[in-house]
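Here is the structure we will look at.
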Amino acid sequence: MSTDQLPTPAGGCAPASLHAEIQQFYARQMHLIEGAGADPEAWAETFTEDAVIELAGDTPDVGREAIRASVAAGVAHIAAQGWDFRHWFGMLDVRPRRDGSVRTRYYALAMATPRGGALDIRGSLVCHDELVRDGSGWLVRHRRLVPDGRPGS
Amino acid sequence: MSTDQLPTPAGGCAPASLHAEIQQFYARQMHLIEGAGADPEAWAETFTEDAVIELAGDTPDVGREAIRASVAAGVAHIAAQGWDFRHWFGMLDVRPRRDGSVRTRYYALAMATPRGGALDIRGSLVCHDELVRDGSGWLVRHRRLVPDGRPGS
Amino acid sequence: MSTDQLPTPAGGCAPASLHAEIQQFYARQMHLIEGAGADPEAWAETFTEDAVIELAGDTPDVGREAIRASVAAGVAHIAAQGWDFRHWFGMLDVRPRRDGSVRTRYYALAMATPRGGALDIRGSLVCHDELVRDGSGWLVRHRRLVPDGRPGS
């Protein structure tokens, strides 16, 4: 781990207040692109203006507008299929840094249920975020998604 | 969101103490209806006397006695099949309200493993609870379960 | 529950600080045996010298060296298959005890994704740990794993 991490309780883990904030940030963020009320605009607002999303092997989305456009296309595709789509995050590790930003690592499951059909768990990913404070909340500055099973992963 | 929410840290999210309490409440509550020690009586006691469980599309269970009878039937069915049944909750969002109650939203996975057989993840739900304080713990006053993939969801 | 549990808030549940520490301990511990950087040595160091891992029906691993050897064999097997293997923990209950140790119960999902293949969720387990403080962190002194669907479970 890098040298610019804050000393924190329990071997460098995040204090409970920060851990709880990040968990709830993720629960709300991911819900923004799920279901009938999916809102790509509001989702994009959970990223910094200059944020980057990297999906291993793909061209990154650079900047809030590219992130919005990319997720809007995904949301439209899901709606057209009539799926209920869910993102589950788990096994969250939170590491605060000296500059006030936070690095996280977590696992994600992507799952879809078609109307009248059975749940399909599409795949598992390992995710790495850099988060920065925004008032009383957080924004994602960088997200790197590494799907399990990729030849290069 | 309604106007009777308390102002809380990090954009209206629950403080860590509350978030940890609710997570543990759910872990204990759901374990009460799983496995050889399943106890529908104790499960019913985690709801208020006038509690309601709504499963989208079904007739609601109204009152603790209806909730007990309904889950007792489910537990008996699972035992007769010889399944190990688990409920996983995740992506928990907790919103405290001015009156001391709490609104939560979370995702649930229902899964069963038959004796000698393979795990079957039955389905995914989005759940909405209203919780009220009961001494040092919590009780559910209202639970609304919306299974993914329902024609009406 | 035994009489040597500490009185804690919310009906005997762990305070938020402890709950957050244990969650992060597990996230880091399990990541140590996953992926290209899997490190059975570092994994073994998250157990006490005299730790025991019991998998229902199998001969227990007794002592840190047996635990290391056992997980090293598992890691080598997974690497030979070319799988991305993940352990998800959820529904965590944490009970602090008067002697400073902690008892936990949690559910686990074991999942593997072959290169170029689909996610396979292998099975569900109920896990019971005894943890002891080690400086600012934690060590596992005893882990009991009960796979769902076992004839004897």
Side-chain angles (χ1 to χ4, degrees), chain B residues 9 13-38 42 45-46 78 81-92 94 102 106-122 131 133-139, chain C residues 1 5-27 56-57 86-96 102-112 118-129 144-153:
Chain B
C13 81
S17 55
L18 178 61
H19 196 253
E21 281 180 27
I22 302 296
Q23 283 182 287
Q24 293 186 77
F25 171 77
Y26 285 143
R28 293 177 186 186
Q29 182 190 45
M30 300 315 291
H31 197 69
L32 287 174
I33 51 167
E34 299 172 353
E45 296 292 322
T46 66
I78 286 167
Q81 304 291 326
W83 293 328
D84 284 324
F85 204 97
R86 305 288 163 213
H87 306 82
W88 278 62
F89 290 0
M91 299 301 274
L92 172 66
V94 176
V102 162
Y106 52 95
Y107 302 163
L109 291 174
M111 53 185 84
T113 311
R115 288 281 169 275
L119 173 68
D120 176 28
I121 302 185
R122 300 294 183 86
L131 297 152
R133 275 222 174 269
D134 175 60
S136 59
W138 293 91
L139 296 175
Chain C
M1 295 297 129
Q5 283 178 339
L6 282 175
T8 49
C13 82
S17 55
L18 178 61
H19 196 252
E21 282 180 27
I22 302 295
Q23 283 181 287
Q24 294 186 79
F25 171 77
Y26 285 143
R86 305 288 164 213
H87 306 83
W88 277 63
F89 290 0
M91 299 302 273
L92 172 66
D93 189 22
V94 177
R95 296 190 187 255
V102 162
R103 301 287 173 98
T104 63
R105 184 190 62 225
Y106 52 95
Y107 302 163
L109 290 174
M111 55 185 82
L119 173 68
D120 177 27
I121 302 187
R122 301 293 183 88
S124 160
L125 303 90
V126 181
C127 311
H128 305 264
D129 277 3
R144 185 161 58 89
L145 308 172
V146 185
D148 285 335
R150 283 277 173 109
S153 71

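Naming: A, B, ... by sequence-line order, numbering from 1 per chain. Source: prediction; values computed, not measured.
Using a 4.5 Å cut-off between heavy atoms, C:Leu18 makes no contact with chain B at all. Contacts of B:Ala16 with chain C are made by both backbone and side-chain atoms, with heavy-atom separations under 4.5 Å.
Applying the side-chain hydrogen bond (donor to acceptor under 3.5 Å, both in side chains) rule to B:Gln29 yields the partners B:Thr46, B:Arg143; only residues at least two apart in sequence or on another chain are considered. Take B:Ser17 and apply the side-chain hydrogen bond (donor to acceptor under 3.5 Å, both in side chains) test, not counting sequence neighbours, and it matches no residue.
The two residues B:Tyr26 and C:Met91 make their nearest non-hydrogen contact at O-CE, 3.6 Å. For the residue pair B:Leu119 and C:Ser124, the shortest heavy atom distance occurs at CD1-CB, 3.8 Å. Among all heavy-atom pairs drawn from B:Gln24 and C:Val94, the shortest one is OE1-O, 3.2 Å.
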* List the steps and the verdict of side chain to side chain contact (heavy atoms under 4.5 Å, CB included) for B:Gln23 and C:Leu92. => CA-CA 8 Å; B:Gln23 283 182 287; C:Leu92 172 66; over 6 Å; no

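By the 4.5 Å heavy-atom criterion applied to side chains, B:Met111 and C:Leu109 are counted as neighbours. The shortest side-chain heavy-atom distance between B:Arg86 and C:Asp148 falls under the 4.5 Å cut-off.
Ranked by heavy-atom pairs under 4.5 Å with chain C, the first of B:Met30, B:His19, B:Glu34 is B:Glu34.
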